Amino acid sequence: MAAHERVIATSAELANGGDGIRFVLERGNETVHAFAVRYRGGVHAYLNSCPHLGSELDWLPGVFFDSDATTLVCSLHGARFEPDTGRCVDGPCRGGRLVKLAVRERTGDGAVVIDDRGTVPAGE
């Protein structure tokens with residue numbers, strides 16, 4: 001495992017369009033909440049903070065998708081986000097984005113690991 005990686009789940013814990021995994025990151029002296037979901041076979045992770053008001057997205061712990069499992073939905077005001085990019089496609093923060101985190105699945109042991117160093121640069 002790389003020095004800045006931390007296991008947050010196993011691949012089996014994330015079903016396409018299913019419940020996500022919540023986890024925390026330490027950023028300086030701050031603890032921030034984050035989550036990971038599987039969408040169209042890929043795992044995607046974001047800070048659990050809506051760009052509109054900073055509220056957490058999940059309706060219930062780990063429930064981020066709408067009923068069709070096509071968008072992530074903010075529990076506070078219903079903003080909708082593309083699961084693979086974090087781009088807001090509907091709601092008061094339309095055009096904004098969730099903060100994407102570097103996450104990957106390891107092939108050898110099926111672990112889902114987060115890079116604790118930071119976010120994915122814009123455009124990735």
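Because the structure is a prediction, the values reported are computed rather than measured.
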Can you sort out the partners of [X] under side chain to side chain donor-acceptor pair (under 3.5 Å), two or more places apart, ordered by chain and number?
{"X": "Ser49", "answer": "none"}
{"X": "Glu105", "answer": "Ser11, Arg38"}
{"X": "Ser67", "answer": "none"}
{"X": "Asp109", "answer": "Arg106"}

Nearest 0.5 Å, what's the [atom1]-[atom2] distance between [X] and [Y]?
{"X": "Ile114", "Y": "Leu25", "atom1": "CD1", "atom2": "CG", "result": "6.0 Å"}
{"X": "Cys74", "Y": "Asp90", "atom1": "SG", "atom2": "CG", "result": "12.0 Å"}
{"X": "Leu98", "Y": "His44", "atom1": "CG", "atom2": "NE2", "result": "12.0 Å"}

Go through the structure and list residues passing side-chain contact (heavy atoms from CB on, under 4.5 Å) with [X], not counting sequence neighbours.
{"X": "Glu82", "answer": "Asp84, Thr85, Arg87, Val89"}
{"X": "Leu53", "answer": "Leu76"}
{"X": "Asn29", "answer": "none"}
{"X": "Asp19", "answer": "Val63"}

Once ring pair (Phe, Tyr, Trp, His ring centres under 6.0 Å) is applied, what residue pairs with a partner in residues 7-28 remain, sequence neighbours excluded?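 Output for this query is empty, none listed.
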
Restricting to pairs with a member in residues 65-98, which pass ring pair (Phe, Tyr, Trp, His ring centres under 6.0 Å), not counting sequence neighbours?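 Every pair satisfying ring pair (Phe, Tyr, Trp, His ring centres under 6.0 Å) with a residue in residues 65-98: His52-His77.
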
Between Trp59 and Val73, is there a side-chain heavy-atom distance shorter than 4.5 Å?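 Yes - at least one pair of side-chain heavy atoms lies under 4.5 Å apart.
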
Taking the side chain as C-beta and beyond, is there a heavy-atom pair between Val103 and Val112 under 4.5 Å?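 A side-chain contact under 4.5 Å exists here.
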
If every non-hydrogen atom of [X] is compared with every non-hydrogen atom of [Y], which pair is closest and at what distance?
{"X": "Leu57", "Y": "Cys50", "result": "CD1-N, 3.6 Å"}
{"X": "Ala36", "Y": "Val43", "result": "CB-CG1, 4.3 Å"}
{"X": "Gly20", "Y": "Val37", "result": "CA-CG1, 3.9 Å"}

Pair Arg80, Arg94 - check side-chain contact (heavy atoms from CB on, under 4.5 Å), show working. CA-CA 8 Å; Arg80 295 178 177 273; Arg94 186 180 201 118; over 6 Å; no

Does Ile8 belong to the same Ile/Leu/Val/Met/Phe/Trp/Tyr cluster as Leu47, with side-chain heavy atoms less than 4.5 Å apart forming each link?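 In one cluster with Ile8: Leu47, yes.
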
Could you tell me which residues satisfy ring pair (Phe, Tyr, Trp, His ring centres under 6.0 Å) with His33, sequence neighbours excluded, listed by chain and number?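 Per chain and number, His33 pairs via ring pair (Phe, Tyr, Trp, His ring centres under 6.0 Å) with no residue.
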
Applying salt bridge (charged side-chain N to carboxylate O under 4.0 Å, His left out), can you list everything that pairs with Arg22, at least two apart in sequence or on another chain?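 Arg22 satisfies salt bridge (charged side-chain N to carboxylate O under 4.0 Å, His left out) with Glu56, Asp58 once adjacent residues are dropped.
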
Result of checking Ile21, Leu101, Leu72 against Phe35 for side chain to side chain contact (heavy atoms under 4.5 Å, CB included):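 The passing option is Leu72.
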
Donor-acceptor pair, side chain of Asp68 and main chain of Thr70, under 3.5 angstrom: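 Not a single qualifying donor-acceptor pair exists.
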
